[in-house]
Amino acid sequence: MVVLKGKSVFGDICMGELFFYRRGESVIKRHKIDDADAETARFKKAKEEAKEQLLKLYEKALHEVGEDNAAIFEIHRMMLDDEDYCESVENIIRSQFVNAEYAVGVTADNFAEMFSSMDDAYMQARAADVRDISERIVKILSGADALGSGGLSSPAIIAADDLAPSETVQLDRSKVLGFVMQNGSANSHTAILGRSMGIPSVIGVGEGLSAEHDGKFAIVDGFDGVVYIDPDAETVSKLEQKRRNASRRKELLQELKGKESVTLDGRKIKIYANIGNVSDTVFALQNDAEGIGLFRSEFLYLENDDFPTEEQQFAAYKAAAEKMSGKKVIIRTLDIGADKQAPYFGLDKEENPALGFRAIRICLTRTDIFKTQLRAILRAALYGNISVMFPMIISVDELRRAKSIMEEAKSELRAENIPFKEEVETGIMIETPAAVMISDELAKEADFFSVGTNDLTQYTLAIDRQNQKLEPFYDAHHPAVLKMIEIAANNAHKEGKWIGICGELGADLLLTERFLQMSIDELSVSPSMVLEVRKKVRETDLSKF
Ligand code: PEP
Ligand code: MG
């Protein structure tokens with residue numbers, strides 16, 4: 001048995017096979033099929049989709065980098081129609097009764113080997129192309145990036161060095177039992193996603209975890225931050241008991257559904273949920289969240305390989321608003337940059353990305369992207385109770401500029417006779433010390449504040465939230481951060497505005513009492529923490545202080 005210690009991200013226990021995440025290559029498993037005709041049709045359909053993707057890429061590249069550079073996509077499209085290639089795939093499916101992914105993989109290996117062994121340098125280079133087109137088809141067939149059903153056919157515990165947010169969001173959640181990461185910090189977006197997906201996760205276990213453990217049985221104890229690989233019988237039974245106790249506790253929490261979030265002495269607070277996409281509203285509702293306090297809209301961008309259109313965004317925001325049936329849904333506008341990178345934005349590499357071109361800074365520069373999002377939000381606001389908030393604000397001027405772009409979006413919609421909601425509550429995130437220090441002025445112009453404690457802590461303590469090495473210096477309860485929140489709360493209330501907390505600190509049960517004392521109006525936490533926080537609120541008696 002191997003025992004690895006790390007940091008807990010989400011407290012629960014899971015048991016299953018470890019699956020080592022392989023970046024950039026699809027892991028193809030061979031399995032038998034019954035219907036070779038259906039499997040061949042699957043291959044042909046995927047091939048057509050790949051051709052469409054390549055055509056789009058060709059057109060985009062033609063526009064952006066010229067014909068010579070775009071030509072490669074045209075070549076790939078032609079290769080997909082190569083008779084020998086297609087015949088090889090179909091023959092393998094029909095003669096061996098195997099899945100299309102496997103047939104494509106074998107064909108790719110054979111063709112690449114043949115090209116590599118040729119004398120002509122041009123033909124040798126085609127080996128990489130045949131692998132590339134095959135990889136594209138396998139991805140389509142498996143319905144995901146590196147971890148589709150072709151890679152991850154049954155539920156498993158995902159192991160990796162660390163995952164980028166864009167990799168995490170592409171996982172098929174129904175197949176993820178847990179996460180174990182060699183690296184990572186508790187405030188990284190991967191950790192946040194693990195938490196919001198309610199998946200037992202342990203990060204920072206170090207080099208003790210390696211690809212050799214792929215396929216081994218493991219237990220993730222997200223309560224104590226421990227991972228057991230090849231556990232002995234005694235450990236299995238101990239952890240099974242712990243898991244039973246945890247589910248009993250969860251059942252007890254269910255009794256709080258439908259109850260008010262109110263202290264023993266009558267102070268009410270709203271408990272909302274943080275989500276990354278529309279399907280998370282299901283978890284929010286299952287856990288009886290009173291609204292959505294943070295919809296991280298950038299995940300719509302991370303899930304796509306091109307800018308999501310106004311219609312795509314409108315559909316997503318409308319669906320979220322409708323699913324929450326009248327409960328508040330606060331959409332945080334695009335917060336891309338730093339660790340949340342989407343390649344098609346073409347952002348430059350930066351020395352200090354956390355202090356760099358991100359969030360509202362991108363939106364105020366690329367107003368076309370920003371306006372598309374705002375138009376979608378304004379239109380969707382007709383279908384529920386939508387609010388909007390801007391991330392990373394550092395000045396009153398930024399807020400005014402963002403609001404004026406919103407007014408432009410309204411004028412456009414009006415001129416085009418497209419229905420939208422005129423009055424949408426507009427707030428800002430308080431996640432920079434600058435915003436705290438001028439929160440008296442900002443409170444005059446924003447409808448509400450929502451404190452992003454993850455970034456506020458990073459910028460106040462000068463501690464990179466992504467840097468695992470700094471965890472010993474990271475004090476989540478640092479008085480400077482708590483004072484910052486209190487200043488912002490007082491200034492919001494002086495102007496009659498409400499203030500919430502949507503960073504991870506909002507779910508810290510050791511601070512619930514403190515936040516109630518500061519008269520924080522709302523806490524937005526990962527769906528799995530809603531009932532825990534409600535329990536804590538209902539046990540608190542502020543009159544004792
Ligand atoms: C925060 O910074 O606290 C926050 C909620 O935003 P994100 O974690 O997405 O940066
Ligand atoms: Mg933030």
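Both counts, for ligands and for their atoms, begin at 1 and track the order of listing.
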Checklist entry - Under 2.8 Å from the Mg ion (ligand 2), is there an N/O/S atom belonging to Asp455? => result yes
Item to check | Protein heavy atom at shortest distance from atom 7 (P) of ligand 1 | outcome: His189 NE2, 3.4 Å
Item to check | Distance flag, aromatic centroids of Phe307 and Phe345, threshold under 6.0 Å | outcome: yes
Checklist entry - Could you walk me through whether Glu290 and Lys328 pass the salt bridge (Lys or Arg N to Asp or Glu O under 4.0 Å) check? => result CA-CA 8 Å; Glu290 296 159 55; Lys328 201 189 276 290; over 6 Å; no
Item to check | Aromatic Phe10 / basic Arg195 pairing, under 6.0 angstrom, 45° off normal | outcome: no
Checklist entry - Is the closest heavy-atom distance from Lys340 to ligand 1 below 4.0 Å? => result yes
Checklist entry - Taking heavy atoms and a distance under 4.0 Å, where does Asp335 meet ligand 1: side chain, backbone, both or neither? => result side chain
Checklist entry - Does NZ belonging to Lys371 count more than 12 external heavy atoms closer than 6.0 Å? => result yes
Next on the checklist: Checking one value in my table: which N/O/S atom of Glu431 lies closest to the Mg ion (ligand 2)?
Outcome noted: OE1
Item to check | Heteroatom distance test (Arg332, ligand 1): nitrogen or oxygen, under 3.5 angstrom | outcome: yes
Next on the checklist: So for Met429, does at least one of its heavy atoms come nearer than 4.0 angstrom to any atom of ligand 1?
Outcome noted: yes
Checklist entry - Short list, please: which atoms of ligand 1 are under 4.0 Å from a heavy atom of Gly503? => result 3 (O), 5 (C)
Checklist entry - Is ligand 1 under 4.0 Å from a heavy atom in the side chain of Glu504, in the backbone, in both, or in neither? => result neither
Checklist entry - Between the main-chain N or O of Ile394 and the side-chain N or O of Glu398, is there a donor-acceptor pair closer than 3.5 Å? => result yes
Next on the checklist: Could you tell me, atom by atom, which parts of ligand 1 come under 4.0 Å of a heavy atom of Leu294?
Outcome noted: 5 (C)
Next on the checklist: Whether the Lys56 and Gln53 side chains hold a donor-acceptor pair (N or O, under 3.5 Å, no angle test) is what I'd like checked.
Outcome noted: no
Checklist entry - Does a donor on one side chain and an acceptor on the other come within less than 3.5 Å for Asp397 and Ser395? => result no
Checklist entry - Of Arg379, Lys318, Arg375, which is the lone residue that meets salt bridge (charged side-chain N to carboxylate O under 4.0 Å, His left out) with Glu311? => result Arg379
Next on the checklist: On a heavy-atom basis, I'd like to know which of Arg296, Glu431, Arg465, Arg358 is closest to atom 5 (C) of ligand 1.
Outcome noted: Arg296
